[in-house]
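All of these numbers come straight from a predicted model, not from anything done at the bench.
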Amino acid sequence: MYASDMISLHRSLPDVRDTECRSLQYQEKLPDTSVVVCFHNEAWTVLLRTVHSILDRSAPHLLKEIILVDDFSDMDHLKEPLETYMAKLGKVKIVRTKKREGLIRARLLGYSVSTGDVLTYLDSHCECTEGWLEPLLDRIATNNSIVVCPVIDVIEDDSFKYQYGSAKSTSIGGFDWNLQFNWHAIPEYERQRREYKDYMPVRSPTMAGGLFSISREYFTKIGTYDPGMDIWGGENLEMSFRVWMCGGTLEIIPCSHVGHIFRKRSPYKWRSGVNVVKKNSIRLAEVWMDDYRNYYYERFNNDLGDYGDVSERKALRKKLNCKSFDWFVKNIYPDLFVPGEAVASGEVRNKAKPMCVDSSVDSHNFHKPVNMWPCHNQGGNQYWMLSKGGEIRRDDGCLDYSGGESVIIYPCHSQKGNQEWVYREDNTILHANTQKCMEVSVDGQKLLMRTCSGTDRQLWQWKKKPPNGIIRDVA
Ligand code: UDP
Ligand code: MN
């Protein structure tokens with residue numbers, strides 16, 4: 001807040017678009033949009049700068065209105081002072097929830113009072129850049145079942161520095177089996193489909209969730225949001241799966257850039273005693289993920305708890321005649337690692353010593369050496385899967401060797417390279433690139449890479465069959 005208070009509400013930002021974007025011609029008749037901004041106890045200048053950046057950088061005829069949805073904030077500046085300030089700007093409506101609803105139902109309230117052709121949702125700590133709106137609306141004008149996201153640039157939360165990258169470095173959305181959203185490089189097949197033009201819209205399996213535009217008619221048709229979801233989380237994957245499985249398309253538009261302040265932790269109260277994200281995620285898994293939901297449920301031993309009633313959402317899926325999750329995985333997210341397809345899994349135990357390959361794969365563990373630890377038969381950090389592509393992995397962490405001293409944990413990139421391993425008939429584990437073998441050190445404490453020699457310290461016992469045949473074919 002201190003940094004934000006010192007910076008102009010109308011600060012200038014660099015034109016972050018690739019040069020091709022500046023000369024693109026958009027359709028003459030574009031739909032207009034309501035921009036919906038939900039907030040709970042947002043800082044004064046941060047919220048105001050969000051609103052001004054929308055007003056300052058959107059063509060007036062395309063911006064029908066800005067709807068501020070106050071999700072039961074209790075800070076004084078968001079009451080009468082906000083009303084007075086916004087009344088002078090025109091185009092800005094304020095609506096307020098009667099109790100704390102969370103961002104999903106707050107967005108639904110914004111939708112219910114909106115009048116534009118398109119809904120554009122933004123967080124309450126964003127800054128729109130030059131030319132952000134036209135490329136989004138242009139895609140929806142082409143086909144109203146395309147749901148579009150701008151590139152989300154990082155505004156640093158301590159300095160407000162605006163960071164941005166070229167269209168070449170645009171990332172797309174994925175998820176892991178904890179149902180957490182994550183970012184990935186654009187896969188080769190998608191680059192090829194776009195004829196290697198970096199400024200072209202990119203298809204994305206999932207969206208981050210905070211910033212996107214959708215035709216109001218289409219939003220209505222595909223069932224808006226699940227109103228049974230509370231506070232935060234899960235709604236982005238729910239919407240992503242629903243859009244793809246029910247005939248729509250999800251894209252990221254490299255020519256549209258909006259900055260977003262990424263906070264190190266959530267600054268407001270959630271709900272005591274309930275794991276809200278888990279509950280929301282179970283709701284979406286029950287409705288959309290068919291048998292694949294079990295990979296998620298395994299993570300908490302199938303202890304689902306009370307996730308409420310999802311029968312209406314199931315009826316929606318039926319009414320819309322949506323495709324299966326298996327179709328989604330195979331056609332929209334073929335790079336997703338599916339645990340049931342692992343060719344080997346479980347602990348990786350050395351023959352010479354009762355030691356196992358052991359490492360956490362949390363992001364703070366990336367780049368750190370992989371350890372050896374006495375085998376404990378409890379899974380956890382000793383549970384590894386060998387993917388069809390030769391990765392040794394858990395979630396998004398892969399064993400990676402670049403020829404130096406240690407094998408490290410690195411985000412999986414599915415490009416083989418340093419992450420391709422071969423578990424051979426003779427029980428050695430070969431690194432394809434360097435043709436070296438995994439070996440435990442003489443004292444048993446370290447994992448080394450050495451010329452293959454057939455010593456017992458290079459032999460590994462790894463359960464060969466998939467953990468359990470969870471995946472049945474979805475009819
Ligand atoms: N939000 C809300 N009610 C809530 C939680 C969040 O209105 O109970 C708003 C919040 O002010 C923000 C948006 O929803 O504008 C997304 O939340 P947040 O920025 O915390 O999510 P993140 O960007 O960290 O994923
Ligand atoms: Mn946010």
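For the pair Arg393 and Trp384, the cation does not sit on the ring face, since its NZ or CZ is not both under 6.0 Å from the ring centre and inside 45° of the axis. Figure legend: cation-pi geometry between Arg107 and Tyr121, with NZ or CZ positioned under 6.0 Å from the six-membered ring centre and within 45° of its axis.
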**Request:** For side chain to side chain contact (heavy atoms under 4.5 Å, CB included), just list the numbers for Val407 and Met449, CA-CA rounded to whole Å, side-chain angles, deciding distance to a tenth of an Å, and then say yes or no.
**Result:** CA-CA 8 Å; Val407 178; Met449 294 301 298; 3.6 Å; yes
**Asked** Could you go step by step and tell me if Phe219 and Met239 meet the side chain to side chain contact (heavy atoms under 4.5 Å, CB included) rule?
**Response** CA-CA 10 Å; Phe219 192 48; Met239 167 88 93; 3.5 Å; yes
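In this structure, Arg191 contributes its side chain and Glu195 its backbone to no donor-acceptor pair below 3.5 Å. For the pair Ser406 (side chain) and Pro369 (backbone), a donor-acceptor distance under 3.5 Å is absent.
Taking the ring centroids of His364 and Phe366, they lie at or beyond the 6.0 Å cut-off. Taking the six-membered ring where the residue is Trp, the centroids of Trp177 and Tyr295 are separated by under 6.0 Å. In this structure, the ring of Trp288 has its center no less than 6.0 angstrom from the ring center of Phe325. Taking the centre of each ring, Tyr410 and His367 come in below the 6.0 Å mark. Aromatic ring centroids of Tyr111 and Tyr225 lie 6.0 Å or more apart.
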Enumerate, atom names and distances included, each donor-acceptor pair closer than 3.5 Å involving a side-chain atom of residues 240-251, sequence neighbours excluded.
residue: Ser240; atom: OG; partner: Met207; partner atom: N; Å: 3.0
residue: Ser240; atom: OG; partner: Asn236; partner atom: O; Å: 2.6
residue: Arg242; atom: NE; partner: Glu238; partner atom: OE1; Å: 3.3
residue: Arg242; atom: NE; partner: Glu238; partner atom: OE2; Å: 3.1
residue: Arg242; atom: NH1; partner: Ile222; partner atom: O; Å: 2.6
residue: Arg242; atom: NH1; partner: Thr224; partner atom: O; Å: 3.0
residue: Arg242; atom: NH2; partner: Thr224; partner atom: O; Å: 2.5
residue: Arg242; atom: NH2; partner: Glu238; partner atom: OE1; Å: 2.8
residue: Trp244; atom: NE1; partner: Ser204; partner atom: O; Å: 2.9
residue: Trp244; atom: NE1; partner: Pro205; partner atom: O; Å: 3.3
residue: Glu251; atom: OE1; partner: Arg139; partner atom: NE; Å: 2.7
residue: Glu251; atom: OE1; partner: Arg139; partner atom: NH2; Å: 3.3
residue: Glu251; atom: OE2; partner: Arg139; partner atom: NH2; Å: 2.8

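Applying the disulfide (SG to SG under 2.5 Å) test to Cys398 and every residue at least two apart in sequence or in another chain returns Cys412.
More than 12 non-hydrogen atoms from other residues, nucleotides or ligands lie less than 6.0 angstrom from CH2 of Trp327.
A distance of 7.5 Å separates OG1 of Thr428 from CD of Gln458, quoted to the nearest 0.5 Å. To the nearest 0.5 angstrom, Glu235 atom CD is 8.0 Å from Asn280 atom CG.
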